[in-house]
Protein chains: 2
Amino acid sequence: MSNMGYAGHMELHEPELRDVPITAVLAALADDVRLQIVRALAQGGEYACGTFEFGVSKATRSHHLKVLREAGLTRTRVAGTSRYVRLRREELERLYPGLLDAVLAAPAHA
Amino acid sequence: MSNMGYAGHMELHEPELRDVPITAVLAALADDVRLQIVRALAQGGEYACGTFEFGVSKATRSHHLKVLREAGLTRTRVAGTSRYVRLRREELERLYPGLLDAVLAAPAHA
DNA sequence: TCCAATGTTCGAGTACCATCGAACCAACGA
DNA sequence: TCGTTGGTTCGATGGTACTCGAACATTGGA
């Protein structure tokens, strides 16, 4: 596998939530930008990556979405030039019941 | 305040949980050593700092206990040469219901 | 008074993380 | 075919976090 480089139409890395250490899940949530993304996703439905304008560059946004995805928190659907992200609510609730609600219940900026 | 240095009998910094950003709480929990400490504390009761032997030096242990304390997760009682630490369960449960249980429900090492 | 026990702080090393601009890729339309 | 759009990756930078040994402070006992 010398130089696979760009991941264009490659399979996205979306691990099973139970294979992700809880510390990685918590670390993924322990960032302001990512938490804003999760809050937005928690409204339900799918969002194109570009939806999330939280004062960071698109490179940084892409990075955060990758962290969330690889922590097993989101799923991404590729469609055309866009990617649609959604929260893996049920799996999250099944494995860590109450976690997401507790995090979302927190005041946004305190 | 030229040289206060050691904090010996100073007041310990134990913020109100509601004054701590949720990201700081999550970050405090997003570490293996600290999670082991929290698991031990979750048994209930008080533990002297020295109780926690999780393969780190006492300097590192002291650091982690400080992080937990300043995240509003633990309370520390000074008695003689020892310090007794306990989990602030009720406050945690009141502010972030389900969070602790969800974290503790996770498998210890996965 | 001296010493051992319990923790904390300091300084330094290392590693990791968030951030950005630039370069890039793939898909779509004109 | 060419440019635009949506998004990722690369490389670098600055900051932060974990870790340790050494030095220190405090208490309590011999």
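Letters go in sequence order (proteins before strands), and every chain restarts at 1. No hydrogens, no waters, no symmetry mates; every other heavy atom, side chains included, goes into these values.
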Once rounded to the nearest 0.5 Å, what's the spacing between atom NZ of B/K58 and atom OG1 of B/T60?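 B/K58 NZ to B/T60 OG1: 12.0 Å, rounded to 0.5 Å.
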
To the nearest 0.5 Å, tell me how far B/C49 SG sits from B/L65 CG.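 So the SG of B/C49 and the CG of B/L65 are separated by 5.0 Å.
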
Between D/dC18, C/dG7, D/dT8, which nucleotide gets closest to the side-chain atoms of A/R83?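 Closest nucleotide to the A/R83 side chain: D/dT8.
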
Which nucleotide in the set C/dC28, C/dG7, D/dT19 lies at the smallest distance from any side-chain heavy atom of A/T81?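 Comparing C/dC28, C/dG7, D/dT19 against the side chain of A/T81, the answer is C/dC28.
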
Please list, by residue number, the residues of residues 56-75 of chain B whose heavy atoms come closer than 4.0 Å to an atom of DNA chain C; answer none if no residue qualifies.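 Going residue by residue through residues 56-75 of chain B, the ones with a heavy atom under 4.0 Å of DNA chain C turn out to be B/K58, B/A59, B/S62.
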
Nearest whole angstrom, please: distance from the [atom2] of [N] to the [atom1] of [X].
{"X": "A/Y84", "N": "C/dA27", "atom1": "OH", "atom2": "P", "result": "15 Å"}
{"X": "B/I37", "N": "D/dC18", "atom1": "CD1", "atom2": "C1'", "result": "13 Å"}
{"X": "B/F54", "N": "D/dC18", "atom1": "CZ", "atom2": "C1'", "result": "17 Å"}
{"X": "A/F52", "N": "D/dT8", "atom1": "CZ", "atom2": "C1'", "result": "16 Å"}
{"X": "A/D31", "N": "D/dG15", "atom1": "CG", "atom2": "P", "result": "17 Å"}

I'd like to know if the side chain of A/R34 reaches the main chain of A/H64, judged simply by a donor and an acceptor atom lying under 3.5 Å from each other, with no hydrogens or angles considered.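 Such a contact is absent between A/R34 side chain and A/H64 backbone.
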
Donor-acceptor pairs under 3.5 Å, side chain of residues 93-107 of chain A to any protein atom, not counting sequence neighbours: which ones?
{"residue": "A/E93", "atom": "OE2", "partner": "A/G98", "partner atom": "N", "Å": "3.3"}

Check ion pair B/R86-B/E46 (N to O, under 4.0 angstrom):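 Counted as a salt bridge, because a side-chain N and a carboxylate O are separated by less than 4.0 Å.
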
Whether B/R75 and B/E14 form a salt bridge (side-chain N of Lys/Arg under 4.0 Å from carboxylate O of Asp/Glu) is what I want to check.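 Yes, this pair counts.
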
Between the first and last five pairs of the helix from C/dT1-D/dA30 to C/dA30-D/dT1, the angle of the axes, rounded to 10 degrees: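 Between the first-five-pair axis and the last-five-pair axis there is 0°.
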
Minimum-distance pair of heavy atoms, taken over all atoms of [X] and [Y]:
{"X": "B/Y47", "Y": "B/A40", "answer": "OH-O, 3.5 Å"}
{"X": "B/T23", "Y": "A/A30", "answer": "O-CB, 3.6 Å"}
{"X": "B/V20", "Y": "B/A24", "answer": "CG1-CB, 3.7 Å"}

Looking at every strand, decide which applies to B/A27 at a 4.0 Å heavy-atom threshold: base, sugar-phosphate, or nothing.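 Result for B/A27 = nothing.
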
